[in-house]
Amino acid sequence: LLILAVICSTALALVNIKTAPVIQRNLEIKYMGTVLDVFGIPYDINNKDGIIETYRSSIEEQEVGGLSIFVDKKSGNRAVSIEGSGFQGAISLVVAIQGDTITGLKVVNQVETPGLGARIMEPQFQQSFIGKKISNGITLTKSGNAGPSEFDAITGATETSRALEKILNRGFKQYFEAVGK
């Protein structure tokens, strides 16, 4: 039994060592695709090398004030990577900003409750942020009639919506401090 355990453990360790770089590369490519998505830059989702090439030719990465900022080389628009604690765990987003207006938002990672808080991954919810003004912060509403600086909370997932509001406002504050606006 001990020999079998050693053989299985060794096999699992070897598989982990061999697959870790591939998994890391795929995560990086997925993130590049997310950044391209928030800027609306087209790419072939099935061509990993094409995603990398499009990303490198279209996006400039910057570290400013502890934030990862991405600049669309063609338009000059910026996006920022924002992270924070959600209701169940960490939420990571990339938000494209032009002036004080959101031009794109994409949730990268989340571990919210499936069917409730996890609805922040739905394209319709993410697209509802486009055009929102953020200079004075963004607030959630339950009215179903969101104003220019408001977003509709997800029904049944108020805590996730509140957490998202805090994450975004903290990230926007850091962003404006970092870029000097």
Side-chain angles (χ1 to χ4, degrees), residues 1-73 78-96 104-127 129 153-172 174-175 178:
L1 189 57
L2 180 62
I3 293 170
L4 185 59
V6 168
I7 291 171
C8 289
S9 297
T10 303
L12 284 174
L14 289 173
V15 168
N16 184 46
I17 290 169
K18 289 288 187 186
T19 59
V22 174
I23 292 169
Q24 183 61 35
R25 180 176 186 265
N26 287 339
L27 288 173
E28 289 170 0
I29 292 170
K30 179 184 174 195
Y31 198 84
M32 289 177 186
T34 298
V35 173
L36 292 170
D37 286 341
V38 297
F39 286 120
I41 298 171
Y43 61 93
D44 181 2
I45 194 166
N46 297 315
N47 181 352
K48 291 179 182 180
D49 291 332
I51 294 171
I52 294 169
E53 183 179 317
T54 302
Y55 181 85
R56 288 185 179 154
S57 66
S58 304
I59 305 297
E60 177 187 337
E61 296 178 9
Q62 301 174 348
E63 282 291 322
V64 181
L67 293 174
S68 294
I69 296 177
F70 308 94
V71 180
D72 179 350
K73 292 178 183 177
R78 295 180 180 181
V80 62
S81 178
I82 302 173
E83 298 180 3
S85 296
F87 180 62
Q88 296 286 330
I91 296 175
S92 302
L93 308 108
V94 176
V95 183
L105 181 141
K106 188 97 169 162
V107 177
V108 179
N109 280 324
Q110 58 83 26
V111 290
E112 299 301 292
T113 308
L116 293 172
R119 291 184 52 213
I120 63 175
M121 295 294 288
E122 293 176 359
Q124 181 180 355
F125 178 74
Q126 294 176 26
Q127 290 171 356
F129 286 86
I154 297 172
T155 304
T158 304
E159 293 303 318
T160 297
S161 298
R162 282 191 184 119
L164 188 58
E165 175 187 36
K166 289 178 186 175
I167 293 166
L168 288 170
N169 285 326
R170 188 176 339 106
F172 295 149
Q174 289 175 318
Y175 170 78

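Computation of the quantities below employed the complete heavy-atom set of this structure, encompassing side-chain atoms and omitting hydrogens, waters and symmetry-equivalent molecules.
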Report task. Would you sort out whether Arg162 and Thr158 count as a side-chain contact (heavy atoms from CB on, under 4.5 Å), showing the intermediate values? Result -> CA-CA 6 Å; Arg162 282 191 184 119; Thr158 304; 3.6 Å; yes
**Report entry** Trace of the side-chain hydrogen bond (donor to acceptor under 3.5 Å, both in side chains) decision for Ser68 with Glu63
**Finding:** CA-CA 5 Å; Ser68 294; Glu63 282 291 322; 2.8 Å; yes
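Inter-residue side-chain proximity for Leu168 and Phe129 is flagged as met; some heavy-atom pair is nearer than 4.5 Å. In this structure the side chain of Tyr55 reaches within 4.5 angstrom of the side chain of Phe70, judged on heavy atoms. Residues Ser58 and Tyr43 have side chains not in contact (no heavy-atom distance under 4.5 Å, counting atoms from C-beta outward). In this structure the side chain of Leu116 never reaches within 4.5 angstrom of the side chain of Thr160, judged on heavy atoms. In this structure the side chain of Arg78 reaches within 4.5 angstrom of the side chain of Tyr175, judged on heavy atoms. At a threshold of 4.5 Å between non-hydrogen side-chain atoms, the residues Ile7 and Ile3 count as touching. Within the 4.5 Å cutoff, no side-chain heavy atoms of Val107 are placed close to those of Leu164.
Between Ala163 and Ser85 the shortest heavy-atom distance is CB-O, 3.6 Å. Counting all heavy atoms, side chain and backbone alike, Ala153 lies closest to Ser161 at CA-OG, 3.5 Å. Lys73 approaches Ile59 most closely through the heavy-atom pair CE-O, 3.5 Å. In terms of heavy-atom proximity, Val94 sits nearest to Ala79 at CG1-CB, 4.1 Å.
Counting heavy atoms of neighbouring residues, nucleotides and ligands inside a 6.0 Å radius, atom NZ of Lys166 does not exceed 12 of them. Within a 6.0 Å radius of CZ in Phe39, other residues, nucleotides and ligands contribute more than 12 heavy atoms. More than 12 heavy atoms of other residues, nucleotides or ligands lie within 6.0 Å of CG in Leu27, so this atom counts as buried by the packing criterion.
With rounding to the nearest 0.5 angstrom, the CD1 atom of Ile120 is 6.5 Å from the CG atom of Leu93. Distance check: Ile52 CD1 to Ser57 OG gives 12.0 Å after rounding to the nearest 0.5 Å. To the nearest 0.5 Å, atoms CD1 (Ile51) and OH (Tyr31) are separated by 15.0 Å. Leu67 CG to Glu83 CD: the interatomic distance, rounded to the nearest 0.5 Å, is 10.0 Å.
For residues 110-121, the set of pairs meeting the salt bridge (Lys or Arg N to Asp or Glu O under 4.0 Å) definition, not counting sequence neighbours, comprises Arg119-Glu122. Each salt bridge (Lys or Arg N to Asp or Glu O under 4.0 Å) pair with one or both residues in residues 39-53, not counting sequence neighbours, appears once here: Arg25-Asp49.
In this structure, the side chain to side chain contact (heavy atoms under 4.5 Å, CB included) partners of Thr10, at least two apart in sequence or on a different chain, are Val6, Leu14. With sequence neighbours excluded, the residues satisfying side chain to side chain contact (heavy atoms under 4.5 Å, CB included) with Thr19 are Val15, Ile23. Here Asp37 pairs with Lys106 under the salt bridge (Lys or Arg N to Asp or Glu O under 4.0 Å) rule; sequence neighbours left out. Not counting sequence neighbours, the partners of Gln62 by the side chain to side chain contact (heavy atoms under 4.5 Å, CB included) test are Glu60, Val64, Ile69, Val71.
Evaluated for a side chain to side chain contact (heavy atoms under 4.5 Å, CB included) with Ile82, the options Leu105, Val95, Asn169 yield exactly one hit, Val95.
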